[in-house]
Enquirer: 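Sending over a structure as structure tokens; questions will come in a sec.
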Amino acid sequence: MDTLLWPLKVAVAWVMVTIHKALVLIGFPDGPGVAWVLSIIGLTIVVRLLIMPLFVKQIRASRGMQLLQPEMQALQAKYKGKKDPESRQRMNEEMMALYRKHGTNPLASCLPILVQMPIFFALFRVLASLGAVASGKYGRPSIGPLTQQLAEQVQASSVFGASLSSAFLGSSDTRVKIVTVAMIVIMSVTQWYTMAQLSMKNMSTDSLNSDNPMIRSQRMMLYVMPVIFAVSGVNFQIGVLVYWVVSNLWTMGQQFFTIRNMPAPGSEAEKKYRARINAKRARKGLPSLEEEERAEAIAKAEAEGRTGGQRVQPVRKNRQKKSGGQGESRSEDVADDSDVEQLEDTDEDKDSTSSKSGGLSDEEIARRRYERRARQRREAAARRKAQAKKKRNR
């Protein structure tokens, strides 16, 4: 395993030594001490900054998975009870097409953890090898820039009296056991809260349906993952626990900022976000987000209606008489347009009544009104075309 992880072990050692040198330059004491603890924290921050694009991809994938849940449930209902290979294959193909449509996949939300795991194990092996490097029995003179002298310094550094290279198992030092348990508790609680933010605060009401397999699995992981960390944490050195606690705190803060400022549509976090924004807009005398979106939707529907085709204007009776041989045709056109206008007026009255009764939102009213008007104009144009064809055949 050390052979496979060797390049990562050298990279981890190089980052730690470089950060330690920088801390010494700005005034921290050289040798064993807090500078080596801070170098592990610095390593954590460097790693989290490098995987920031993966975190953004994770957030987008998580939102995509939430948005496709209604379609996913419909797909599962469609193939419910069908166990034959052909049905399974079609279901998988439709499921992959659904993922492509929403630009997401189930594995994208696991990318930050998967990328960190090799670094995590590399740090674990570096700290586990400190004793051998410090005593000259490692088989190599150093781990990259981490020489025998520096290994002795790291091994002698401690967190609240517990050595960075010590672990709960294999140590008889009470301070090591107390610090390990405290850090495991912090690590488990922060892991639980991080997952709770995603599965409770940043999911739409529809997605929180208990029949949703994805939600059930996330709720299960919400309690399983902290237990896994608690059980396996006794095998990790104090330095590794420092890395994981800082990583969890970073993730928790990063997700809090993201959920607060870029919540998922339809989630509880979005309601609170809109309430905050509307309060700020009200203090400035601006309309709420809902009012602004409604006005934009109506304006867009009206603009589409204007560009959808040139409307034929009604013709007065005295102008019809002057039109000569075309009077009959013009009269029919006018009748059609008058019918359309009358229907549009009737629609507006109906829409207004519906709006007052709370049946439809203004955006929905505007959309349906536009669709009806477009359909009525098409029908009127078809009637005019049929009448013109009938006149030509006479």
Enquirer: V189: what forms a side chain to side chain contact (heavy atoms under 4.5 Å, CB included) with it, not counting sequence neighbours?
Expert: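 Side chain to side chain contact (heavy atoms under 4.5 Å, CB included) check on V189 returns V185.
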Enquirer: Is L75 close to M95 at the side-chain level, that is, under 4.5 Å between some pair of heavy atoms?
Expert: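 Answer yes - side chains close enough.
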Enquirer: Give me the one residue out of T190, T44, T194 that meets side chain to side chain donor-acceptor pair (under 3.5 Å) with N248.
Expert: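 So, applying the side chain to side chain donor-acceptor pair (under 3.5 Å) to N248 and each of T190, T44, T194, only T190 qualifies.
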Enquirer: Please identify each residue that fulfils ring pair (Phe, Tyr, Trp, His ring centres under 6.0 Å) with W244, with sequence neighbours left out.
Expert: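 Counting only residues at least two positions away or on another chain, W244 forms a ring pair (Phe, Tyr, Trp, His ring centres under 6.0 Å) with F120, F229.
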Enquirer: Listed by chain and number, what are the side chain to side chain contact (heavy atoms under 4.5 Å, CB included) partners of D173, not counting sequence neighbours?
Expert: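 For D173 the side chain to side chain contact (heavy atoms under 4.5 Å, CB included) partners, ignoring immediate neighbours, are S171, R175, V176.
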Enquirer: Please enumerate all residues that pass side chain to side chain contact (heavy atoms under 4.5 Å, CB included) together with I277, with sequence neighbours excluded.
Expert: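 Applying side chain to side chain contact (heavy atoms under 4.5 Å, CB included) to I277 gives Y273, R281, L289.
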Enquirer: Honestly, is R140 close enough over W6, meaning NZ or CZ under 6.0 Å from the six-membered ring centre and within 45° of the axis?
Expert: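 Yes, cation above the ring, under 6.0 Å and within 45°.
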Enquirer: Suppose we screen for salt bridge (Lys or Arg N to Asp or Glu O under 4.0 Å). Which residues come up paired with E379, at least two apart in sequence or across chains?
Expert: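 With neighbours one apart ignored, the set is empty.
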Enquirer: Side chains of S129 and K9, heavy atoms from C-beta outward: is any pair under 4.5 Å?
Expert: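 They are in contact (side-chain heavy atoms under 4.5 Å apart), so the answer is yes.
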Enquirer: Using side-chain heavy atoms (C-beta onward) and a distance below 4.5 Å, is V181 in contact with I184?
Expert: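 Side-chain contact under 4.5 Å: no.
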Enquirer: Who passes side chain to side chain contact (heavy atoms under 4.5 Å, CB included) against Q148, sequence neighbours left out?
Expert: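 Partners of Q148 by the side chain to side chain contact (heavy atoms under 4.5 Å, CB included) criterion, ordered by chain and then number, come out as E152.
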Enquirer: Which donor-acceptor pairs under 3.5 Å do side chains of residues 233-243 form with protein atoms, sequence neighbours excluded?
Expert:
from : atom 1 : to   : atom 2 : distance (Å)
N235 : ND2    : S232 : O      : 3.4
Q237 : NE2    : F124 : O      : 3.1
Y243 : OH     : Q116 : OE1    : 3.1

Enquirer: Could you state the interatomic distance from CG (L130) to CG (L164), rounded to the nearest 0.5 Å?
Expert: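 One gets 8.5 Å once the value is rounded to the nearest 0.5 Å.
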Enquirer: Output side-chain donor-acceptor pairs under 3.5 Å for residues 21-43, partner residues at least two apart or in another chain, one line each.
Expert:
from : atom 1 : to   : atom 2 : distance (Å)
W36  : NE1    : H20  : NE2    : 3.1
W36  : NE1    : Q153 : OE1    : 3.3
S39  : OG     : W36  : O      : 2.5

Enquirer: How is the hydrophobic cluster of V227 composed, in terms of its other members, when Ile, Leu, Val, Met, Phe, Trp and Tyr link through side-chain heavy atoms under 4.5 Å apart, directly or indirectly?
Expert: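 Its cluster partners, ordered by chain and number, are V231.
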Enquirer: Return the set of residues passing salt bridge (Lys or Arg N to Asp or Glu O under 4.0 Å) with K82 (not counting sequence neighbours), or none when no residue passes.
Expert: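 Expected list: none.
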Enquirer: Does this structure show an ion pair linking E93 with R88, if we count only N-O contacts that are shorter than 4.0 Å?
Expert: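 Salt bridge absent between E93 and R88.
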Enquirer: Indicate yes or no: does E94 engage R90 in a salt bridge with an N to O separation below 4.0 Å.
Expert: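 Looking at R90 together with E94, the answer is no, because their closest N to O distance does not fall below 4.0 Å.
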Enquirer: Would you give me the side-chain donor-acceptor pairs under 3.5 Å for residues 45-56, sequence neighbours excluded?
Expert:
from : atom 1 : to   : atom 2 : distance (Å)
R48  : NH1    : S247 : O      : 3.2
R48  : NH1    : S247 : OG     : 3.0
R48  : NH1    : T251 : OG1    : 2.5
R48  : NH2    : T251 : OG1    : 3.1

Enquirer: With the side chain counted from C-beta on, respond yes when V126 and L146 share a heavy-atom pair under 4.5 Å apart, and no when they do not.
Expert: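 SC-SC contact between V126 and L146 confirmed.
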Enquirer: Among all residues two or more places apart in sequence or in another chain, which pass the side chain to side chain donor-acceptor pair (under 3.5 Å) test with N278?
Expert: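 N278: side chain to side chain donor-acceptor pair (under 3.5 Å) contacts with E290.
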Enquirer: Taking all heavy atoms of G144 and all of S142, pick out the closest pair and write down the distance.
Expert: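 Shortest heavy-atom separation between G144 and S142 comes out as O-OG, 2.8 Å.
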